[in-house]
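I have placed the structure first, in the form of structure tokens, so that the comments after it can refer back to it.
Below, all heavy atoms of this structure are taken into account, side chains as well, without hydrogens, waters or symmetry copies. Residue numbers begin at 1 in each chain, while the letters A, B, ... track the order of the sequences.
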Amino acid sequence: MCGRFVSTTTPQDLVGLLGELRWDPAEAFAPSWNVAPTDPVPAVLERVDRETGELVRQFRPLRWGLVPSWSKDPSGGARMINARSETVNEKPAFRKAFATRRCVIPADGYFEWREVPAEADRKKYKQPYFLSTGSVMLMAGLYEFWRDRTRADDDPAAWLATTTIITKDATDTAGRVHDRMPLTIAPDDVASWLAPDLTDPDELHHLLRRPGDGALRVRAVSTAVNSVRSNGPELLADAPDPLGLAD
DNA sequence: CCAGACGTTGTT
DNA sequence: GTCTGG
DNA sequence: CCAGACGTTGTT
DNA sequence: GTCTGG
């Protein structure tokens, strides 16, 4: 799956990779080495501009954990951080977003954990691993808008934009650590993936790819990343691998 | 008809 | 054990 | 995903 | 919103 990841890609990096892109300079796209569920996630998506009718590609933050538009409150979103690719076009919570509201979420890599059993001199603990391809991973996501009815129409906080990351069974090196992994979109397929008017599920499924064709680099890192309060590039430093899963 | 659900993941 | 917060 | 919190009433 | 279960 994908429940924590690293995001240091700047808007300028994305322009280099994908071409023209709009973003609000007032938004802070601060790098994070420990993006957690409910955090704002920088994402690329395409929307029709209300004013001009023009299709605009934008870079904007989305809250991680999809809240369907019909939810009574946004609290359930924290569990909707992933959507299974196998069923994403059927599940009521995701199918509409799959057809018309897709995004990509740039990531440097993501974390998975394995439990290390207790021994005589210490308790059991969770060992984090960092999985990456060596370049920017464009994770495939969906997004949704939720209207907060407790707020006035003109309140900018009346609309909550949320997102989820699509997953599939993990293969190769990634599969050694965990049985699910996030899917990605190749740079050449981004235009198709983001197009709101491309709605055929079969065509869309063909655009979903395993990062690095499943052959990811795997490294053990410090358990400091376990706490969502930790952050900084030092979280990616090498650590001993107690389970021998790294390559 | 109305009421209630609607999601993923873990573990070896 | 199970839910909430980050 | 992991860490951290979990609470109110009864008075057999 | 839309489907399922009763």
Side-chain angles (χ1 to χ4, degrees), chain A residues 1-7 30 32-42 61-101 105 107-118 123-132 137 139-149 159-160 162-170 174-183 199 208 216 218 220-232 235-236 239 242-245:
Chain A
M1 69 160 324
C2 181
R4 214 75 81 76
F5 65 93
V6 174
S7 167
S32 174
W33 290 267
N34 197 357
V35 180
T38 71
D39 283 349
V41 169
L62 302 171
R63 185 178 183 267
W64 190 14
L66 188 138
V67 178
S69 59
W70 37 261
S71 293
K72 288 179 182 64
D73 67 80
S75 61
R79 284 167 297 166
M80 312 265 247
I81 60 171
N82 294 131
R84 296 173 65 87
S85 59
E86 297 89 337
T87 53
V88 72
N89 59 320
E90 301 159 5
K91 296 292 185 184
F94 299 133
R95 60 188 170 199
K96 197 159 195 175
F98 185 66
T100 63
R101 283 182 296 277
I105 297 162
D108 305 35
Y110 65 100
F111 298 104
E112 296 287 7
W113 282 262
R114 287 287 290 259
E115 189 170 288
V116 179
K123 291 196 263 189
K124 69 177 181 183
Y125 67 98
K126 304 261 191 168
Q127 174 62 50
Y129 290 86
F130 183 64
L131 296 89
S132 61
M137 218 180 267
M139 299 193 293
L142 310 176
Y143 66 96
E144 188 65 85
F145 293 103
W146 181 80
R147 175 63 216 264
D148 186 345
R149 289 170 207 289
W159 288 95
L160 179 66
T162 63
T163 187
T164 190
I165 295 168
I166 299 176
T167 65
K168 195 175 187 179
D169 57 297
R176 292 208 300 262
V177 187
H178 192 72
D179 65 342
R180 303 287 298 176
M181 73 194 304
L183 291 178
T199 61
L208 295 165
L216 293 165
V218 178
V221 293
S222 162
T223 55
V225 75
N226 293 18
S227 170
V228 296
R229 288 185 295 251
S230 303
N231 214 321
L235 295 180
L236 298 186
L243 300 174
L245 299 176

Given the P atoms of dT11(B) and dA3(D), what is the spacing between them in whole Å?
-> 12 Å
Could I get the full list of ring-ring contact (aromatic ring centres under 6.0 Å, His included) partners for Phe111(A), not counting sequence neighbours?
-> Phe130(A)
Does a nitrogen or oxygen in the side chain of Lys126(A) sit under 4.0 Å from OP1 or OP2 of dT11(B)?
-> yes
Considering only the P atoms, how many Å lie between dT4(C) and dA5(B), rounded to the nearest integer?
-> 15 Å
Ion pair present between Glu86(A) and Lys168(A), side-chain N to carboxylate O less than 4.0 angstrom?
-> no
For dC1(D) and dT12(B), measure between their P atoms and round to the nearest Å.
-> 13 Å
So what does Ser230(A) hit on the nucleic acid, given a heavy-atom distance under 4.0 Å: a base, only sugar-phosphate, or nothing?
-> nothing
Between Thr167(A) and Arg180(A): side-chain donor-acceptor atoms closer than 3.5 Å = yes
Looking at residues at least two apart in the chain, or sitting in another chain, which of them share a side chain to side chain donor-acceptor pair (under 3.5 Å) with Tyr110(A)?
-> none
Below 3.5 Å, can you tabulate the donor-acceptor pairs from side chains in residues 88-99 of chain A to any protein atom, sequence neighbours excluded?
| from | atom 1 | to | atom 2 | distance (Å) |
| --- | --- | --- | --- | --- |
| Arg95(A) | NH1 | Glu90(A) | O | 3.1 |

Identify, with sequence neighbours excluded, every residue that meets side chain to side chain donor-acceptor pair (under 3.5 Å) alongside Asp39(A).
-> none
Describe the nucleic acid contact of Thr167(A) in one word from base, sugar-phosphate, nothing, applying a heavy-atom distance below 4.0 Å.
-> sugar-phosphate
Shortest side-chain distance from Arg180(A), nucleotide among dG7(B), dT9(B), dC2(D) | dT9(B)
5'-to-3' dot-bracket of DNA chain E (Watson-Crick, G-U; under 3.5 angstrom; crossing pairs as [ ]; | other strand) | ||||||
Send over the distance from Leu66(A) CG to dC6(B) P, rounded to a whole Å.
-> 15 Å
Quick one: side chain to side chain contact (heavy atoms under 4.5 Å, CB included) partners of Pro128(A), sequence neighbours excluded?
-> Trp113(A), Val221(A), Thr223(A), Val225(A), Asn226(A)
Do any pairs count as a salt bridge (Lys or Arg N to Asp or Glu O under 4.0 Å) and have a residue in residues 123-132 of chain A, sequence neighbours left out, and if so which ones?
-> Glu115(A)-Lys124(A)
Calculate the interatomic distance between Trp146(A) atom CH2 and dG7(B) atom P; express it in whole Å.
-> 19 Å
In 5'-to-3' order, the base (B), backbone-only (S) or no-contact (-) status of each nucleotide in nucleotides 1-6 of chain E, using a 4.0 angstrom heavy-atom cut-off, is BSS---
Between dG1(C) and dT9(D) - P atom distance, rounded Å = 27 Å
In whole angstroms, the gap separating P of dC6(B) from CG of Asp73(A) amounts to 15 Å
Applying side chain to side chain donor-acceptor pair (under 3.5 Å), name anything that partners Ser32(A), two or more places apart in sequence or on another chain.
-> Asn231(A)
